[in-house]
Amino acid sequence: MSRCQQVARPIVRSLGQRCQPQPIAVRYFSSTTIRSDENTTVQQPGSEAGNPGLDATLLGQTSSTNDFEAFASQALSPSLGSRRRRAALATATQVPFEQMPYQCFQEARKILNQDREEKIAKIVAHTEKIKRIEATDPSTYRGGEGYKKKRIESLRQEIEELKILADINDPMVKRRFEDGVGDMNKPVYRYLANRKWRSMDYKIIVQRINQFHIIPDILPKFDPTMDVKMTFRGYKAAPGAILDSRLTETPPTLKMQVFDKGERLLTIVVMDADVPDVEKDAFSRRCHFMATNIPWGPTDSQLPLRFIGGGRTPGDLAVPWLPPHAHKGSPYHRLSVWIMEQKPGQKLDEAKLKELYGSDQGRMKFSIKGFRDKFGVTPVGFNLFRTVWDENTAGVMERNGIPGADIEFRPQRVQSLKPHRKARGWEAKRQKPKYKSLWKYTKRIKNF
Amino acid sequence: MASLSLNLRGLASRLIPSGPLLQPITSKCIAAFSTTPTHPAPVDPKAAAAKAKLKASKAAAKAKKSKRKGAEEKDPKIIQMMRHFAAHNPKNIPPPLRMARNRYLRHWTIHRGWLMFRRKQREERERTLMRQYQSMSTACEELRLTNGPGTRDTGYLYRVAMEKKGVYGHKGIPIEYARAQTDTPAKIAWNHEWKR
């Protein structure tokens with residue numbers, strides 16, 4: 001679904017409820033004129049999200065979207081609006097953005113296009129070079145096979161960089177990226193998305209990792225390379241937020257974005273790092289969720305964890321969702337979401353994972369470090385939320401059959417080893433009824 | 001007097017009588033772009049006298065100003081610092097550009113194009129300089145390996161070419177060698193008036 005339709009959805013809904021569309025004020029979220037000629041790089045799959053009107057006609061429904069379209073086209077028709085607006089619409093919609101007759105703009109585009117041509121020529125030259133090197137016998141090089149591999153690898157890297165550099169100066173690329181319709185299969189959009197993520201979201205995640213001591217409590221070393229965001233029942237959860245336990249009763253939907261090309265398999269783990277262990281007088285860990293073999297590429301965006309294992313989304317559910325809960329009086333629990341990348345082509349055995357971590361004891365035995373070492377996965381993405389005892393926790397625990405809702409942790413009172421000492425001083429001397437006349441001047445000492 | 005000298009800008013248009021030849025627009029143009037009227041307009045003696053008087057007063061004001069400046073002459077370092085602070089004063093920072101989307105995209109394109117153009121120019125210049133430098137160094141190498149004219153030994157021409165006679169003036173040496181190099185050099189590099 002395109003951005004504009006997303007924005008207009010509530011309006012469409014409200015229109016659908018009425019018998020006749022009333023002329024309500026339609027506001028578009030951009031002050032510029034609507035452009036009809038904007039074509040995206042990707043051909044949208046027309047049957048699905050791309051064309052809701054077509055779906056409706058196929059199903060034999062008179063869609064309210066069509067009404068809206070008609071209404072919107074009327075509202076935005078060039079016959080309405082001020083003279084200035086009409087003039088702008090009459091001219092601006094006809095001329096494509098690239099051909100707008102601004103001299104300086106056109107000169108700049110000429111320079112940029114020339115540069116683009118140069119970059120493309122370089123890419124072609126590099127590709128040919130790679131072919132040539134691949135064809136030559138490695139014994140002709142002094143470095144041998146290693147040198148040849150290194151050479152090819154570095155040339156490929158340079159081609160990737162050139163692909164980004166060729167498109168980075170295109171205003172249409174910038175526009176499409178800002179609209180969120182960029183094709184993530186193309187390196188330039190991935191580069192831009194990565195840069196945007198690194199500018200703030202990455203920094204926040206790294207800060208959470210440090211301030212909540214994820215390093216070194218859970219892993220000795222970790223640097224996230226992919227974007228992970230969570231929503232619980234449609235509510236965005238900021239990294240590290242303390243969430244209501246009713247909200248976290250159902251598993252979150254993850255919005256994940258990888259910035260390198262290709263499909264890979266992911267394993268997703270949610271774990272609690274602060275389970276109080278009374279016998280040892282310490283804290284232990286617990287696995288709350290584990291799903292494995294989830295195929296993921298740069299074009300994928302959303303993954304509702306509750307659908308995994310039901311056949312609706314690919315991937316295997318190893319450990320089902322255990323709602324996060326904290327006992328009364330215990331400090332906050334850090335629930336961390338880990339996205340781990342499997343080795344290329346490697347599929348984890350779901351049955352084995354179930355056997356290892358599926359039972360209650362197995363959940364308690366889970367450790368990210370051990371899991372990583374045992375199965376050869378690499379942690380790439382991270383997010384965090386916290387949970388504390390709140391008014392809904394008891395209900396959540398009862399509904400999910402978790403014992404221990406009646407347990408309350410109390411801080412142990414540590415008695416002073418020093419003997420009791422009488423209160424001293426001018427005020428302490430004048431607490432007795434003998435000095436009743438002075439009580440308005442003295443501070444009353446407690447328990448005297 | 002001061003107010004008169006301040007309002008010099010519209011003077012030409014006010015003093016020159018707008019005859020049939022001079023349209024009001026033309027006179028405005030004169031006022032905006034040049035202080036002296038280029039057109040030989042008919043000037044009445046009264047206006048000319050007033051102008052002369054004004055000129056004299058202006059010159060006097062200038063002299064006064066320079067005298068006042070001479071009294072409190074500032075260190076150039078202080079002036080430089082004040083300029084620096086003035087440039088970074090939030091009052092003097094221009095507001096951010098506010099543009100609609102298409103216009104911003106055009107602006108961005110032009111900016112990127114300008115950066116690209118400058119980079120191209122810079123790289124071209126650097127390439128030329130590098131080429132020139134390398135060709136000079138190969139020429140010197142060639143000189144170093146050639147036998148000199150006549151009975152001169154190998155490399156004579158090179159040694160001669162490396163001499164810097166006359167580069168720093170007749171029988172001169174670089175002024176840098178005349179004193180010890182310091183981090184905080186003196187304000188006056190050489191006291192030429194000094195006598196034993």
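Just so it is clear: chains get the letters A, B, ... in the order the sequence lines come, proteins before strands, and each one is counted from 1. Side-chain atoms are counted along with the backbone in the values below, which use heavy atoms only and exclude waters and symmetry mates. All figures in this text were calculated on a predicted structure; none of them were measured in a lab.
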For the [atom1] atom on [X], are there more than 12 heavy atoms of other groups (residues, nucleotides or ligands in this structure) within a distance under 6.0 Å?
X: A/Gln103; atom1: CD; value: no
X: B/Met99; atom1: CE; value: yes
X: B/Ile188; atom1: CD1; value: no
X: B/Met162; atom1: CE; value: yes

What distance separates A/Phe105 CZ from B/Arg103 CZ, expressed to the nearest 0.5 Å?
->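 The distance works out to 13.0 Å.
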Inter-residue atom distance A/Tyr102.OH - B/Thr109.OG1, 0.5 Å rounding =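 Between atom OH of A/Tyr102 and atom OG1 of B/Thr109 there are 12.5 Å.
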Measure from the side-chain N and O atoms of B/Arg106 to the backbone N and O of A/Cys104, and report whether any donor-acceptor pair falls under 3.5 Å.
->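 No, because the side chain of B/Arg106 does not come within donor-acceptor range (under 3.5 Å) of the backbone of A/Cys104.
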What option among A/Glu118, A/Gln114, A/Lys110, A/Gln106 has the most heavy-atom pairs under 4.5 Å with chain B?
->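 Most heavy-atom pairs under 4.5 Å with chain B: A/Glu118.
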Closest non-hydrogen atom pair between A/Ala108 and B/Ile110, with its separation =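 Distance-wise, the nearest heavy atoms are CB-CA, 3.6 Å.
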Closest heavy-atom pair and its distance - A/Asn169, B/Trp108 |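 Minimum heavy-atom contact is O-CZ3, 3.6 Å.
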Which of residues 116-152 of chain B get closer than 4.5 angstrom to chain A, counting heavy atoms alone?
->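 When heavy atoms of chain A are the reference, residues 116-152 of chain B contributes B/Met116, B/Phe117, B/Lys120 within the under-4.5 Å range.
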Is the shortest side-chain N to carboxylate O distance from B/Arg112 to A/Asp170 below 4.0 Å?
->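 No, no charged N to carboxylate O under 4.0 Å.
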Would you check if B/Asn102 and A/Met100 make a side-chain contact, meaning some heavy-atom pair closer than 4.5 Å?
->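 Counting from C-beta outward, B/Asn102 and A/Met100 do come under 4.5 Å.
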A/Lys174 and B/Tyr104: CA distance, side-chain angles, deciding distance, side-chain contact (heavy atoms from CB on, under 4.5 Å) verdict = CA-CA 11 Å; A/Lys174 189 175 159 66; B/Tyr104 173 69; 3.9 Å; yes
